[in-house]
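Since the structure comes first, as structure tokens, the remarks are kept for the end.
Remember, predicted model here, so these are calculated numbers, not experimental data.
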Amino acid sequence: MNPYDIMKASQIACCLEVSSFKPGNVHRNREYDDIKYHHFLSSGIAFGNVVYEACQDNKDIGKYIKLAVIESKKWSPTNANLGIIMLHIPIAMSSGKIDEFDENTLKKEIISTTKNTTVNDAVNVYEAIEIAIPNINPPKEGPDAQKNDAKQELIEKNLTLYDVFKISSTWDSISKEWAEGFNISFKGYNLLNEYYNEYNNINLATTKTFLSILSEHPDTLIARKKDLDTSKMVSEMAKNILDEGFKKEDIEEFDKFLSKEGNKLNPGTTADLVASSLMIFLLDRIDKNDTILW
């Protein structure tokens, strides 16, 4: 696929994701003290050049993740896109290996791309985490990215980037995507197709996709900031909104509830998964020359 198209799919996905109404997250009508709507727009566009370079390469994925974080961080006071970058870069590199969009072929390429990583890729991603300074807790097992000896431990234990994500896949949804072939992202892609056909409105389709993913996959950012039971409760609330007919007033009340403690209940990992779903959705639309969205 064309490198410029892959870059555009990533950039536009970032813009659509943050612009859509996703309860508890930053969107057009909701900001937090430490990060604003325009920070997500700017930083999401800013790492497009790295996506362009990455999709023309078949190695050094960790380097490209780090470079993308560096570009993103220039435009945002706090971490805006680390999770998205960790999902978009492998999608981009895999898309660059195929001639035209095909869901199954792209999935196979993503599995190959994520599995064929190196220790150096892991070291670069740990450095990216240091740059982004995201909200992370010490891992249940494996090297702790916030400790000075973490990179040395990666080298001594010969842990590849795939190994690291596989270790953390039991408690982190982005890691689970890496370990299991981006299953949620592809599910989100199919939901976006279904809901866009239903509503002919990309914002509504994105909101419903967000709630659908959240209803089935408790958000691991909430689990880190609060606890697993709280994240499960939030998922049950999302499920109830869908079961009750996806009503605007219910979604607005949900947004108020999730934002009442600042950003402690923001389903940020789910937002990242929506961004990866949107990138796949857009790659498909671009390949079909069907790019006008309503």
Quick check: is [Y] connected to [X] through a chain of hydrophobic side chains (ILVMFWY, heavy atoms under 4.5 Å apart)?
X      : Y      : value
Ile91  : Leu16  : yes
Met233 : Leu228 : no
Leu283 : Ile111 : no
Ile286 : Ile292 : no
Tyr162 : Leu106 : no

With distance as the sole test, does [X] use its side chain to make a donor-acceptor pair with the main-chain N or O of [Y] at under 3.5 Å?
X      : Y      : value
Asp102 : Thr105 : yes
His39  : Lys36  : yes
Asp121 : Thr117 : no
Thr207 : Phe21  : yes
Asn190 : Lys187 : no
Ser72  : Val69  : no
Arg285 : Thr291 : no
Trp178 : Met86  : yes
Asp255 : Gly24  : yes
Ser94  : Pro90  : yes

Atom pairs and distances, donor-acceptor, side-chain atoms in residues 236-248, under 3.5 Å, two or more places apart:
unit_1, atom_1, unit_2, atom_2, d
Lys239, NZ, Asp243, OD2, 2.9
Asn240, ND2, Glu236, O, 3.4

Quick one about Asp219 and Thr270 (side-chain donor to acceptor, distance below 3.5 Å, no hydrogens or angles considered), yes or no?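 Their side chains do contain a donor-acceptor pair, which is all the 3.5 Å distance test asks for.
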Have Ser175 and Ser168 got a donor and an acceptor in their side chains that come within less than 3.5 Å? yes
Roughly how far, to the nearest 0.5 Å, is the [atom2] atom of [Y] from the [atom1] atom of [X]?
X      : Y      : atom1 : atom2 : result
Ile184 : Thr269 : CD1   : OG1   : 10.0 Å
Ile70  : Phe47  : CD1   : CZ    : 13.5 Å
Trp294 : Asn200 : CH2   : CG    : 8.0 Å
Ser43  : His38  : OG    : NE2   : 9.5 Å
Ser259 : Glu31  : OG    : CD    : 12.5 Å
Ser212 : Leu191 : OG    : CG    : 5.0 Å

Residue pair [X] / [Y], side-chain heavy-atom distance below 4.5 Å:
X      : Y      : value
Leu192 : Thr206 : yes
Cys14  : Ile84  : yes
Asn266 : Leu258 : no
Glu177 : Leu87  : yes
Ile131 : Lys66  : yes
Thr160 : Asn120 : no
Lys208 : Tyr199 : yes
Tyr196 : Leu204 : no

Let me have the donor-acceptor pairs involving side chains of residues 48-62, under 3.5 Å, with sequence neighbours excluded, atom names and distances please.
unit_1, atom_1, unit_2, atom_2, d
Gln56, NE2, Tyr52, O, 2.9
Asp57, OD1, Lys59, N, 3.4
Asp57, OD2, Tyr64, OH, 2.8

Derivation of the salt bridge (Lys or Arg N to Asp or Glu O under 4.0 Å) call for Glu127 and Lys151: CA-CA 9 Å; Glu127 290 175 352; Lys151 287 179 280 186; 3.5 Å; yes
Closest non-hydrogen atom pair, [X] against [Y]:
X      : Y      : result
Asn25  : Arg30  : O-CG, 3.3 Å
Ser169 : Ala179 : CB-CB, 3.8 Å
Asp34  : Thr78  : O-OG1, 3.5 Å
Lys73  : Ala132 : CE-O, 3.9 Å
Lys157 : Glu153 : NZ-OE2, 2.7 Å

Hey, can you pull the donor-acceptor pairs under 3.5 Å for the side chains in residues 271-279, sequence neighbours left out?
unit_1, atom_1, unit_2, atom_2, d
Ser276, OG, Ser185, OG, 2.7
Ser276, OG, Leu273, O, 2.8
Ser277, OG, Ser185, O, 3.2
Ser277, OG, Leu273, O, 2.8

Let's go through Asn193 and Asp284 carefully: what are the C-alpha distance in whole Å and the side-chain angles of both, what is the deciding distance for side-chain contact (heavy atoms from CB on, under 4.5 Å) to 0.1 Å, and is it a yes or a no? CA-CA 10 Å; Asn193 276 322; Asp284 186 8; 4.2 Å; yes
For Asn116 and Ser112, what are the C-alpha separation, side-chain angles and deciding distance, and is it a side chain to side chain donor-acceptor pair (under 3.5 Å)? CA-CA 6 Å; Asn116 291 311; Ser112 174; 3.2 Å; yes
Show the numbers, then the answer: is there a side-chain contact (heavy atoms from CB on, under 4.5 Å) between Leu159 and Val119? CA-CA 5 Å; Leu159 293 172; Val119 175; 5.7 Å; no
Would you find more than 12 non-hydrogen atoms of other residues, nucleotides or ligands less than 6.0 Å from [X] atom [atom1]?
X      : atom1 : value
Lys107 : NZ    : yes
Lys63  : NZ    : yes
Lys115 : NZ    : no
Asp99  : CG    : no
Lys108 : NZ    : no
Lys166 : NZ    : no

Salt-bridge criterion met for Glu17 and Lys22 (N-O under 4.0 Å):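 Salt bridge between Glu17 and Lys22, a charged N being under 4.0 Å from a carboxylate O: yes.
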Which residues pass the side-chain hydrogen bond (donor to acceptor under 3.5 Å, both in side chains) test with Ser20, sequence neighbours left out?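 For Ser20 the side-chain hydrogen bond (donor to acceptor under 3.5 Å, both in side chains) partners, ignoring immediate neighbours, are Asn203.
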Which residues, ordered by chain and number, are linked to Val18 in its hydrophobic cluster, where ILVMFWY side chains connect at heavy-atom gaps below 4.5 Å, directly or through other members?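 Its cluster mates, by chain and number, are Val26, Tyr32, Ile35, Tyr37, Phe40, Leu41.
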For Tyr189, what residues pass the ring-ring contact (aromatic ring centres under 6.0 Å, His included) criterion, not counting sequence neighbours?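 Applying ring-ring contact (aromatic ring centres under 6.0 Å, His included) to Tyr189 gives Phe101.
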